[in-house]
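The sequence lines fix the lettering, A, B, ..., with proteins before strands; numbering per chain opens at 1. Quick caveat, the model's predicted, so the values are computed rather than measured. Note: hydrogens, waters and symmetry copies are ignored here, and every other heavy atom, side chains too, is used.
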There are 2 protein chains.
Amino acid sequence: MLFHSFIYLLSIVLFWMKAENKHSKIISAATKVFAKKGFFTARISDIAKEAKVADGTIYLYFNNKYDILLSVFEEEVGKIVENTENLLIAEADPHKQLEIFVTQHLMAMKKNRHLAEVIQIELRQTHKVIKEYRDNKFSKYTGIIAEIIKNGQLAGIFRLDIKPDLAKRAFFGALDEISRVWNSSLETNYSVEEITAQMLSIFLTGIQTTPSTFPEQVFFLPSQP
Amino acid sequence: MLFHSFIYLLSIVLFWMKAENKHSKIISAATKVFAKKGFFTARISDIAKEAKVADGTIYLYFNNKYDILLSVFEEEVGKIVENTENLLIAEADPHKQLEIFVTQHLMAMKKNRHLAEVIQIELRQTHKVIKEYRDNKFSKYTGIIAEIIKNGQLAGIFRLDIKPDLAKRAFFGALDEISRVWNSSLETNYSVEEITAQMLSIFLTGIQTTPSTFPEQVFFLPSQP
DNA sequence: ATTACATGAATGAATGACCATTCATGCTTT
DNA sequence: AAAGCATGAATGGTCATTCATTCATGTAAT
């Protein structure tokens with residue numbers, strides 16, 4: 001009886017592993033193919049071939065082509081978000097938190113170099129329904145940056161005239177664009193450490209040698225019309 | 001005789017204007033449609049309808065769908081590049097040059113809010129042949145930023161440890177991401193001046209209150225909620 | 001001035017290629 | 001033997017592109 005239960009459970013686990021295997025095999029094949037050909041020019045048969053699976057099999061695990069893209073995005077980005085959030089909780093210093101964010105992002109992109117491109121594709125594809133969904137998911141990610149900045153402002157470490165809303169976009173955009181070219185370009189590759197250092201250097205202290213001399217520096221902005 | 005020549009030339013000019021009108025009508029219709037639906041989901045018939053022209057007419061002015069996208073990109077971005085370069089020549093101060101770059105970019109995007117999205121789409125499309133072409137065209141644009149930074153470094157205004165290659169991507173990426181959301185979001189819209197001020201503020205002096213203290217000075221904060 | 005003819009721009013219905021999705025069939029596992 | 005996973009050829013719908021035809025304008029002839 002006990003034995004039977006065991007076998008039963010085992011079979012469930014095996015079944016699950018197998019299914020999960022095929023599921024994730026398709027996910028990673030799709031990531032690869034989407035990154036290489038772009039969502040629209042990627043054919044289902046390409047993904048199937050890459051995953052060593054029949055075309056029809058894909059439809060046992062996903063509803064349609066778009067669902068695959070969505071899953072790639074959700075699962076892979078979800079991992080990053082979760083990962084990053086966990087690391088951030090353990091760290092109180094906003095400086096360090098920014099550093100962690102950058103490092104995490106870059107490492108994730110390096111680990112899965114196709115992912116950066118898929119994020120780009122997904123992020124830019126405009127499909128109302130999905131956009132809303134994605135926006136929630138994604139603004140959570142960029143929202144992390146805004147939170148860090150706000151905390152830094154409360155702590156008096158970051159300047160109060162910086163608008164977290166804008167700064168988070170600037171920060172994410174910078175990181176995203178760097179990742180994009182990082183993968184695909186044949187130029188000298190910078191290391192994660194180098195990029196992190198530069199990013200923090202730029203965003204924390206700016207590129208000027210003498211910060212106080214720039215006359216246009218504005219600490220209090222006029223309210224908008 | 002003279003009169004005939006005149007009439008002849010006039011007719012050529014009129015013909016050219018007419019053709020040019022249709023050409024640019026299609027271009028701007030395409031910009032609109034591509035921005036709204038994305039390149040792949042945009043149908044030629046959509047563009048035709050938007051331009052108030054028959055489907056077939058489009059093929060009198062463009063070779064194929066991709067050619068339209070390419071033309072949109074080339075013509076519109078070309079204008080910006082040229083415009084910006086002209087303004088920069090007249091200004092020697094790297095600070096001001098950066099300001100001009102930001103302002104120009106934002107104003108261009110504001111003027112033609114669909115363009116920002118098309119650039120996004122185009123920039124992320126992976127199609128070998130076009131990618132190379134686009135890269136040349138586009139790296140010219142980002143190259144401007146790198147040049148400004150290098151000049152600033154030579155002049156001792158910008159820090160020497162900043163890598164222009166990375167900084168230009170960070171700068172462009174930030175600007176690009178801000179433009180992207182700026183257009184499509186329903187959030188409070190910032191003005192060109194505000195965004196410019198923030199961008200310069202961030203990139204020139206950083207977001208820190210006390211630039212020189214990182215990483216020595218560490219603040220201990222209560223952990224976030 | 002009017003009519004006839006020529007040109008080529010514009011049209012949009014028809015074509016055909018492409019590919020996501022389905023499903024009848026075979027295969028494996030229990 | 002039953003259940004259900006996997007297969008990949010067949011289906012059907014969607015456009016990009018084409019091209020026979022129309023239409024407008026300009027030119028020549030009477």
Exercise: identify the closest heavy-atom pair between B/Met109 and B/Leu115 | SD-C, 4.4 Å

Just compare D/dA16, D/dA6, C/dT21 and give me whichever is closest to any side-chain atom of A/Tyr61.
-> D/dA6

What is the distance from OH of A/Tyr66 to C1' of C/dC19, rounded to the nearest Å?
-> 18 Å

So which protein nitrogen or oxygen atoms get under 3.5 Å of nucleotides 7-14 of chain D's nitrogens or oxygens?
{"from": "D/dT7", "atom 1": "OP2", "to": "A/Ala54", "atom 2": "N", "distance (Å)": "3.0"}
{"from": "D/dT7", "atom 1": "OP2", "to": "A/Thr57", "atom 2": "OG1", "distance (Å)": "2.4"}
{"from": "D/dG8", "atom 1": "N7", "to": "A/Gly56", "atom 2": "N", "distance (Å)": "3.2"}

For atom CD1 of A/Ile26 and atom C1' of D/dA6, their distance in whole Å | 11 Å

d(CZ, A/Phe40; P, D/dC15) in whole Å | 11 Å

Round to the nearest Å and state the distance from A/Phe62 atom CZ to C/dT22 atom P.
-> 15 Å

Between A/Glu147 and A/Lys150, is there a salt bridge with N-O shorter than 4.0 Å?
-> yes

Ignoring backbone atoms, establish whether B/Tyr59 has a side-chain N or O less than 4.0 Å from OP1 or OP2 of C/dT11.
-> no

Rounded to the Å, how far apart are B/Asn64 CG and D/dA16 P?
-> 11 Å

Taking side chain as C-beta onward, heavy atoms only, is A/Leu69 less than 4.5 Å from A/Phe62?
-> no

Is a salt bridge present between A/Lys96 and A/Glu91, judged by a nitrogen-to-oxygen distance below 4.0 Å?
-> no

Classify the ring geometry between A/Phe172 and A/His105 as parallel (under 30°), tilted (30 to 60°) or perpendicular (over 60°).
-> perpendicular

Separation of B/Lys49 atom NZ from C/dT11 atom C1', in whole Å?
-> 16 Å

Tested for side-chain contact (heavy atoms from CB on, under 4.5 Å) against B/Val33, the lone hit among B/Thr41, B/Ile47, B/Ile44 is B/Ile47

Atom-pair distance (NZ on A/Lys65; P on C/dC18), nearest Å = 15 Å

Rounded distance in Å - CG (B/Asn63) to P (D/dT17) | 10 Å

